[in-house]
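Remember, it's 1-based here, ligands and their atoms both numbered in the order they're listed.
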Amino acid sequence: MIAASSHSVLGKPIEGWVAEFPLLEDLIALKETAWFNPGIAPADEALCDVGLGMADIEDASHRLQRFAPLLVRYFPELAAAGGIIESETVETPSFFGALGQHHGFMPRGRLFLKKDSHLPISGSIKARGGIYEVLKRAETLALAEGLIREGDDYSQLDSDDARKFFSGYSVMVGSTGNLGLSIGIMSARIGFRTTVHMSADARRWKKEKLRECGVEVVEHAGDYSAAVAQGRKDAEADPTCHFVDDEHSRDLFLGYAVAALRLKPQLAKQGIVVDEDHPLFVYLPCGVGGGPGGVAFGLKLLFGDHVHCVFVEPTQSPCMLLGVYTGRHDEISVQDFGIPNRTIADGLAVGRASSFIGRAVQRLVDGYVTVQDQELLDLLSILRDSEGVELEPSAIAGGQGPGRVLTNEAYLTRMGLDGQKLAAATHLLWLTGGSMVPAEEMASYFKRAS
Ligand SMILES: *Cc1c(COP(=O)(O)O)cnc(C)c1O
């Protein structure tokens, strides 16, 4: 039965939507599901939708390099990596086996974990996009003011004069938590006045951590979209304020995309080949879409048709699946269909997709998978038991992916992924957050595993 059948969306009754898009029935019933997009295109075609290219990613990568000496000064934990914020990629045969047993599939190929959960400074994938956008803003202002010139050592921005200059400007963001954490920590350190608008579902410890860093935290009774809307409105009224717009920002997107440039040598070092006979499957937890979208974009540019990206969302918040599947993107929200958008996966609690991301990456993402909260908690336990790694619930969502891919004969056949290719495949779970979760909070997740 369809709970929301009395409503209509964009002037069409829910029954009409379900008749046209049958998968909506499972989405509305909050059932776990998977959809592999028959409309994907060859990489060189699909990439045209994005409106950005390799030169943009390289520009972002060089900017991060220019800031590396400053970051080492501000965050001594980055010294060993020379000021570059990057995570490890590690193989995990035992977790692959455990996952196969749990989801009832035969593990084929090799499984790796991309540990963005352990990125320095803010402990989530947001350390890529969020920090990048703050640094870009700082560079733009500092160059215009003549505080630095191109080619200078940016560590000279670690000065009272520079911080005084930056304190005349502000940075604002709306966030379910992790984006606020990344932006808040970096922005306050640079010297910007910083405000984070947070939704009601954001974790208390994230708010407390931000306040410790000198960030103003504004709490909202509504959800993520409401927090973003309020932040955007406040920022518009103030020309010295930069609003980091999670729903529209190209800078965030490019900051995420740099991950692909850095992943390529990591894979090569471990002897991983990605080509026609050796496909790469990448499973990315998806909220508003910027993080997974940016990473997928970078990977497609580098690996073309040989990389297969799959986004994973909570059954409570399948905004990207809904948007791409219906082609209505940000015109509709999951709540329009009676899907509550209440999930333990706070990084993924987004009811309406970004207007930019869905349209940009829709032809380069192979598929979309949904996962229930209880399943996330169970996957967290399975990962801890086999790898000793503890994460926040959002971060393990990718774990739902390999079983969905490896058991979907129709998809595999359509893509020409035969047994030989699957035996030579690499699967990469993008783990997106959790290393900063306080022990008490972490323990509560594991108590709830079934
Ligand atoms: C934000 C976030 C994501 C998803 O990124 P979006 O850009 O919102 O799609 C995934 N995992 C975690 C832990 C996050 O914080």
Polar atom proximity, I125 to ligand 1 (N or O, under 3.5 Å): no
Those atoms of ligand 1 less than 4.0 Å from some heavy atom in P292: 5 (O), 6 (P), 7 (O), 9 (O)
Contact (N/O only, under 3.5 Å) between A395 and ligand 1: no
T432 N/O to ligand 1 N/O under 3.5 Å: yes
Heteroatom proximity flag, S394 to ligand 1, N/O under 3.5 Å: no
Residue from L181, V196, I185 passing side chain to side chain contact (heavy atoms under 4.5 Å, CB included) with C213: I185
Proximity of L252 to ligand 1 by residue part, where a heavy atom lies under 4.0 Å: neither
Any donor-acceptor pair under 3.5 Å from K126 side chain to G130 backbone: no
Subset of ligand 1 atoms that lie under 4.0 Å from at least one heavy atom of P285: 4 (C), 10 (C)
Backbone N/O of I125 and side chain of T432: donor-acceptor pair under 3.5 Å: no
Worked check of salt bridge (Lys or Arg N to Asp or Glu O under 4.0 Å) between K114 and E88: CA-CA 6 Å; K114 180 63 179 159; E88 287 183 309; over 6 Å; no
Among L379, L377, V312, side chain to side chain contact (heavy atoms under 4.5 Å, CB included) partner for I396: L379
N/O separation below 3.5 Å, G433 to ligand 1: no
Which segment of V288 sits under 4.0 Å of ligand 1 when only heavy atoms are counted: both
Nitrogen or oxygen of N178 less than 3.5 angstrom from that of ligand 1: yes
Salt-bridge contact E392-K206 (side-chain N to carboxylate O under 4.0 Å): yes
Any N or O of G291 closer than 3.5 Å to N or O of ligand 1: yes
Candidate pair Q101 and L99, rule side chain to side chain contact (heavy atoms under 4.5 Å, CB included), full reasoning: CA-CA 5 Å; Q101 209 157 37; L99 208 52; over 6 Å; no
